[in-house]
There are 2 protein chains.
Amino acid sequence: MGTKWLTPEELSTWVRLVAVVELLPGALDAQLRRDSALTHFDYYVLAMLSEAPERTLRMTALADSTTATLARLSHVVQRLEARGLVERFPCPQDRRATNARLTDDGMAKVRESAPGHVETVRGLVIDALSPRQLDQLREITDAILDRLDPGGAHNGFRQRYDPDRD
Amino acid sequence: MGTKWLTPEELSTWVRLVAVVELLPGALDAQLRRDSALTHFDYYVLAMLSEAPERTLRMTALADSTTATLARLSHVVQRLEARGLVERFPCPQDRRATNARLTDDGMAKVRESAPGHVETVRGLVIDALSPRQLDQLREITDAILDRLDPGGAHNGFRQRYDPDRD
DNA sequence: CTTCAATGGTTGTAGCGACAACTAATGGAA
DNA sequence: TTCCATTAGTTGTCGCTACAACCATTGAAG
């Protein structure tokens, strides 16, 4: 059976979505790199740790909550550890596992970079949309993630965008 | 004045959007790499050329339509040229400029990889959404692109004012 | 108490993209 | 005509990510 091509309306939406996924990561990286010497993924990792009990998470749990592979996370945490923002230690209960803990310097780093990052997120995305569009976007991304990452941890997710949480 | 933090609803939407922009490019790359030895960006470049008159575009026009920097495009086209899928030649009218033209091999490559790619796009995104959600997503991405890429090709400005049009 | 597949994580390497520095051509002003 | 800011594009280098290969530990079957 032949390919079911995209209609003009579908194509129009697709082209815009591609532009967003192509441009947004670079824009987030650029601001955080310039102001805090962090990539967006670095920030995300630190933010997840800052919300965890004892500021500690197992590598696998951290990988799940950041939608990254374990290999990628391992490299990133290695660099963050070299900068003194994170420390690793073997998990006593399961000696295969590694725990990653946010250091005090790491916590300070998150606190100082959060305001500028949140301002960027508002400026580029949140404040560009109406409350209704935000609702629509949440449902749309939910539906896409069901295909893209079935069984992923996109629910019950906490993150450091509100520093009053700790 | 203090930072205006994200509300729980805003955060919930943002987290999902981040997951999508983090996962989608990799998923598109994986399928195209596996089946056609192309990155998604490679495919996009070839596809843009395939629809241009004479299968030819100036580097700057190609960069605009793919939302890439000229530097990135230059590297990519260099690799595609080495593989015989594209060829470059100086523009006669403006000797600063370079034209990129899709070769017959390049055209064959696009034709053979298009069905699998479109199937992936449907499977991951288009078919996961209702027609209404597709409309919503187009307007949402439009609004975001106004912030992310002001004056970009997505707003139709370039189309109406492109002197080479028609 | 072995065996062995599954789990948890690390590391080497190759390739891609960002950034900055660079060359070259154009077009307008003095 | 000369000057020079702007436009067009290329290239070198560095950092990050994907992929695959790898090692260690666990838990359950036999």
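The sequence lines fix the lettering, A, B, ..., with proteins before strands; numbering per chain opens at 1.
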(message) Regarding A/Asp29, tell me which of base, sugar-phosphate or nothing describes its non-hydrogen contacts under 4.0 Å with the strands shown.
(response)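 If one applies the 4.0 Å heavy-atom cut-off, A/Asp29 turns out to touch nothing in the nucleic acid.
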(request) Please work out which residues in residues 73-93 of chain B have a non-hydrogen atom less than 4.0 Å from an atom of DNA chain C and list them by number. (result) B/His75, B/Val76, B/Arg79
(message) Please check this pair: side chain of A/Gln133 against backbone of A/Ser130, looking for a donor-acceptor N/O pair closer than 3.5 Å.
(response)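 Yes; at least one donor-acceptor contact below 3.5 Å.
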(message) Looking at A/Glu9, is its backbone amide N or carbonyl O close enough to the side chain of A/Thr13 to form a donor-acceptor pair, meaning the two atoms are under 3.5 Å apart?
(response) yes
Find the distance between [atom1] ([X]) and [atom2] ([Y]) and round it off to the nearest 0.5 Å.
{"X": "A/Tyr44", "Y": "A/Leu28", "atom1": "OH", "atom2": "CG", "answer": "11.0 Å"}
{"X": "A/Asn99", "Y": "A/Leu62", "atom1": "CG", "atom2": "CG", "answer": "10.5 Å"}
{"X": "B/Glu139", "Y": "B/Ile144", "atom1": "CD", "atom2": "CD1", "answer": "12.5 Å"}

Specify the separation, in whole Å, of atom [atom1] of [X] and atom [atom2] of [N].
{"X": "B/Met59", "N": "D/dA8", "atom1": "CE", "atom2": "P", "value": "13 Å"}
{"X": "A/Leu70", "N": "D/dA20", "atom1": "CG", "atom2": "C1'", "value": "14 Å"}
{"X": "B/Leu62", "N": "D/dA8", "atom1": "CG", "atom2": "P", "value": "14 Å"}
{"X": "B/Leu28", "N": "D/dA18", "atom1": "CG", "atom2": "P", "value": "13 Å"}

(message) Please determine whether a side-chain nitrogen or oxygen atom of A/Arg96 lies at a distance below 4.0 Å from atom OP1 or OP2 of C/dG8.
(response) no
(message) As a test of reading the structure: which of D/dA20, D/dT10, C/dG8 is closest to the side chain of B/Ala71, going by heavy atoms?
(response)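 Nucleotide nearest to B/Ala71's side chain: D/dT10.
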(request) Would you indicate which nucleotide in D/dA18, D/dA8, C/dG8 comes nearest to any side-chain atom of B/Arg58? (result)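 Of the candidates, D/dA8 comes closest.
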(message) Under a 4.0 Å threshold between the charged nitrogen and the carboxylate oxygen, would A/Arg72 count as salt-bridged to B/Glu22?
(response) yes
(message) Does this structure show an ion pair linking A/Lys109 with A/Asp42, if we count only N-O contacts that are shorter than 4.0 Å?
(response) no
(request) Could you tell me whether A/Arg132 atom CZ has more than 12 heavy atoms of other residues or ligands within 6.0 Å of it? (result)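 No.
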(request) Check whether more than 12 heavy atoms from other residues, nucleotides or ligands sit under 6.0 Å from atom CZ of B/Arg88, and answer yes or no. (result)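 Correct, the count exceeds 12.
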(message) Among residues 32-47 of chain B, which ones have heavy-atom contacts with DNA chain D below 4.0 Å?
(response) none
(request) Would you kindly compare A/Arg72 and A/Glu22 by the position of their nearest DNA chain C nucleotide and give the one closer to the 5′ end? (result) A/Arg72
(request) For A/Ala61 and for A/Ala30, locate the closest nucleotide of DNA chain C by heavy-atom distance; then report the residue assigned to the nucleotide nearer the 5' terminus. (result)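 Nearest nucleotide further toward 5': that of A/Ala61.
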